[in-house]
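Order of the sequence lines fixes the chain letters, A, B, ..., with proteins taken first and strands second; residue numbering starts at 1 for each chain.
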Amino acid sequence: MIAHLDIDAFFAAVELHRHPEHRRKPLVVGGDPAGRGVVATASYAARRFGIHSAMSCAEARRRCPDAVFITPDIGLYRQWSARVWEVLGQWADATEVVGLDEGYLAVGDADPEARAAELQQIVRSRMRLSCSLGVSRAKVVAKVASDHRKPGGITVVPAGHEAEFLAPLPLRALPGIGPRTEERLRAAGLRHIGDLAALDETHELVSGAWGVQIHARARGIDPRPVETEPSERLSVSAERTFSEDIADRRELERRGSEMAARVSERLVERARAASTVTVKMRFPDFCTITRSETLGAPTADAAEIWAVAARLLEGALAERPEPLRLLGVGVSGFDRPRQLPLFGRAGRPSWIAE
DNA sequence: TCTGGGGTCCTAAGCCTC
DNA sequence: TCTGGAGGCTTAGGACCC
């Protein structure tokens, strides 16, 4: 059996350990409520005001002017997360960490209820954190189940009852169905996961690789194992939403070249070079476009990455000469470098040709 | 007054090669 | 030499996730 463990309001819970004086107050971890930030995590006290993840902080403050707002400290959450999964790793046959606050554990077939309670107790006693667990034969069902009784709940779906468990739940409860897909499915008259599961395999909505997969998952079929090896990263990027839209080209170039330098640093840290450069631009109306170019040879050099990105930015702004709300620089298409940089000059790894 | 940042995966069109 | 299909690559965008 596979358990999905999800730490309840993780960022907020860590902040409450650091700031016990806020324990009784609604707490929001996220951006500046006076700026363009959004809510990363809201404590359960804040959720009672209708505040939830991804809501703009300005809206959150409107809903609860007395809430305490805290800027996320990702480094701290990483440390906590690493400790949680280190502890859990000693108690499960295998663990797969997904993000900072959740993951899967292989827990064997004997008394899953007791195993889940044991894991929950370990997180509570060793880390003083509350978590919810879902246990099932199928990964996707375990994930949905962990969300079923939050916070602090345990839901075990016995083998053979996966489809039955999923059937009455709303479409959005199934991972992979976001607002757009829900809208499409609802337009076709579907309301619950069971409606999707009941579609004939030949139905147009469940055609294509994605359709076949979501159809299988709706029926509780998910053969993915617990993956203990973290997958290789496929892209690296840096982006920034500006506090005010920027029209000035020189300012955009300054910000963009900084992002290229950050991306380059991260490539060098990982001893990687990339062959595709992408720039992302978001205009004041929130319309977002990307432009990318694939180079003849992979690079990790900040100046080279920025030279390509700047050209793409220039081209896009020639087509649409408007201020930018967001600018991003990213790279993908990784290649192992020919050799590791032993004595490379700062900002210019040694494997880049002079 | 809305709407982050860093990712992955899928699809589709256009182009190229075999 | 022309045609057409298959399939890969590049590019762009969309959707989704934590």
Side-chain angles (χ1 to χ4, degrees), chain A residues 4-11 28-41 51-63 69 71-72 74 77-78 81 96-104 139-140 143-144 146-147 171-185 207-214 217 224 227 230-245 259 262-263 266 275-296 308 312 315-316 319 325-334:
Chain A
H4 180 261
L5 184 148
D6 193 313
I7 304 169
D8 301 319
F10 180 50
F11 294 0
V28 175
V29 181
D32 175 9
R36 288 172 157 173
V38 298
V39 175
T41 309
I51 298 172
H52 55 81
S53 299
M55 171 183 280
S56 81
C57 288
E59 174 64 25
R61 188 163 68 171
R62 229 183 342 266
R63 291 190 185 204
F69 284 83
T71 306
I74 299 294
Y77 311 149
R78 260 192 242 285
S81 173
E96 174 186 345
V97 185
V98 183
L100 294 178
D101 66 338
E102 64 174 278
Y104 296 93
K139 231 175 174 180
V140 69
K143 162 97 174 137
V144 174
S146 73
D147 216 32
L171 290 163
R172 277 300 295 280
L174 193 66
I177 298 185
R180 304 290 173 148
T181 309
E182 183 194 22
E183 203 181 306
R184 247 185 37 222
L185 298 177
S207 65
W210 179 86
V212 168
Q213 183 175 293
I214 209 80
R217 290 186 182 178
R224 292 174 302 163
E227 297 277 3
S231 52
E232 277 275 301
R233 190 169 292 294
L234 300 174
S235 66
V236 169
S237 61
E239 60 183 65
R240 178 63 52 190
T241 295
F242 306 127
S243 51
E244 283 177 11
D245 301 344
M259 291 176 205
R262 211 173 316 142
V263 166
R266 288 164 58 190
S275 52
T276 301
V277 176
T278 303
V279 284
K280 177 172 170 180
M281 292 148 281
R282 180 169 289 153
F283 295 95
D285 65 357
F286 220 71
C287 164
T288 307
I289 63 170
T290 61
R291 293 291 179 266
S292 57
E293 189 177 312
T294 298
L295 314 172
V308 177
L312 294 167
E319 277 174 40
R325 161 189 190 97
L326 169 149
L327 178 62
V329 176
V331 294
S332 56
F334 292 158

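- One C1' atom belongs to C:dC16, the other to B:dG4, and the distance between them is 15 Å to the nearest Å.
- Of the charged side-chain nitrogens involved, at least one lies within less than 4.0 Å of a carboxylate oxygen, so that A:Glu96 and A:Lys139 count as a salt-bridged pair.
- Within the structure, every side-chain polar atom (N or O) of A:Ser56 is placed at least 4.0 Å from both OP1 and OP2 of B:dT1.
- Comparing the C1' positions of C:dC17 and B:dT1 gives an interatomic distance of 27 Å, to the nearest angstrom.
- Rounded to the nearest Å, the gap between the C1' atom of B:dT17 and that of C:dT3 is 15 Å.
- Between the CD atom of A:Glu59 and the C1' atom of B:dG4 there is a distance of 16 Å, rounded to whole Å.
- One interatomic measurement links the two molecules: CZ of A:Arg63 to C1' of B:dT1, which rounds to 14 Å at whole-angstrom precision.
- For the OP1/OP2 pair of B:dC2 and a distance below 4.0 Å, the side-chain nitrogens and oxygens of A:Arg62 include no atom meeting the criterion.
- Nearest approach of A:Pro33 to A:Cys57, heavy atoms of both residues: CA-CB, 3.6 Å.
- Within the nucleic acid shown, A:Val39 has no heavy atom closer than 4.0 Å to any nucleic acid atom.
- Summarising the geometry, the separation between CG on A:Asp147 and P on C:dC18 is reported as 9 Å, rounded to the nearest angstrom.
- The side chain of A:Arg240 contributes no N or O atom lying less than 4.0 Å from OP1 or OP2 of B:dG4.
- Side-chain N/O atoms of A:Arg325 include one lying less than 4.0 angstrom from OP1 or OP2 on B:dG4.
- Between A:Arg291 and C:dG13 there is a side-chain polar atom (N or O) within less than 4.0 angstrom of OP1 or OP2.
- In this structure, A:Phe286 packs face-to-face on the six-membered ring of B:dT3, meeting both the 5.5 Å centre cutoff and the 30° plane limit.
- When heavy atoms are screened at a 4.0 angstrom cut-off, A:Ala238 is found touching the sugar-phosphate backbone but no base atom.
- Atoms CD1 (A:Ile214) and P (B:dC10) sit 11 Å apart, rounded to a whole Å.
- Among the protein residues, A:Gly178 comes within range of the sugar-phosphate backbone only, with heavy atoms under 4.0 Å from sugar or phosphate atoms but none that close to a base.
- Here B:dG6 is the nucleotide among B:dG6, C:dC16, C:dC17 with the atom lying nearest to any side-chain atom of A:Glu239.
- For A:Arg36, no side-chain nitrogen or oxygen approaches OP1 or OP2 of B:dG4 to under 4.0 Å.
- As a whole-Å value, the separation of A:Arg180 CZ from C:dG13 P is 15 Å.
- Taking 4.5 Å as the limit, some side-chain heavy atom of A:Leu174 sits within range of a side-chain heavy atom of A:Ile214.
- A residue-by-residue look at A:Met55 and A:Gln213 shows that A:Met55 has its nearest nucleotide of DNA chain B further toward the 5' end.
- With rounding to whole Å, A:Leu171 atom CG is found 16 Å from C:dA15 atom P.
- Put simply, the side chain of A:Tyr77 does not reach to within 4.5 Å of the side chain of A:Asp101, judged on heavy atoms.
- Taking side-chain N and O atoms only, A:Thr241 has no distance below 4.0 Å to OP1 or OP2 of B:dT3.
- A:Phe283 has its side chain out of reach of A:Asp245: every pair of non-hydrogen atoms, C-beta onward, lies at least 4.5 Å apart.
- In this entry the distance linking NE2 of A:His52 with P of B:dG4 reads 14 Å, nearest Å.
- Remark: A:Thr181 is in phosphate contact with C:dC16, judged by side-chain N or O atoms under 4.0 Å from OP1 or OP2.
- Among the nucleotides C:dC16, B:dG5, C:dC17, the one closest to any side-chain atom of A:Leu326 is B:dG5.
- Computed from coordinates, the A:Asp32 CG to B:dT3 P distance equals 11 Å when rounded to whole Å.
- Nearest-nucleotide positions on DNA chain B for A:Val236 and A:Asp285 put A:Asp285 closer to the 5' end.
- Residue contacts for A:Lys143: at a heavy-atom cut-off of 4.0 Å it reaches the sugar-phosphate backbone alone, with no base atom in range.
- With a 6.0 Å cutoff to the six-membered ring centre and a 45° limit on the axis angle, A:Arg240 does not count as a cation-pi contact of A:Phe242.
- Contact annotation: A:Ser292 side-chain N/O to C:dA12 OP1/OP2 distance is under 4.0 Å.
- Proximity of A:Glu59 to A:Arg63: side-chain heavy atoms (C-beta onward) are separated by under 4.5 Å at one or more points.
- Residue-level contact check: A:Arg282 touches the backbone only, with heavy atoms under 4.0 Å from sugar-phosphate atoms and none from bases.
- If you check B:dT11, B:dT8, C:dT10 against the side chain of A:Trp210, the one that comes closest is B:dT11.
- Side-chain N/O atoms of A:Thr290 include one lying less than 4.0 angstrom from OP1 or OP2 on C:dG13.
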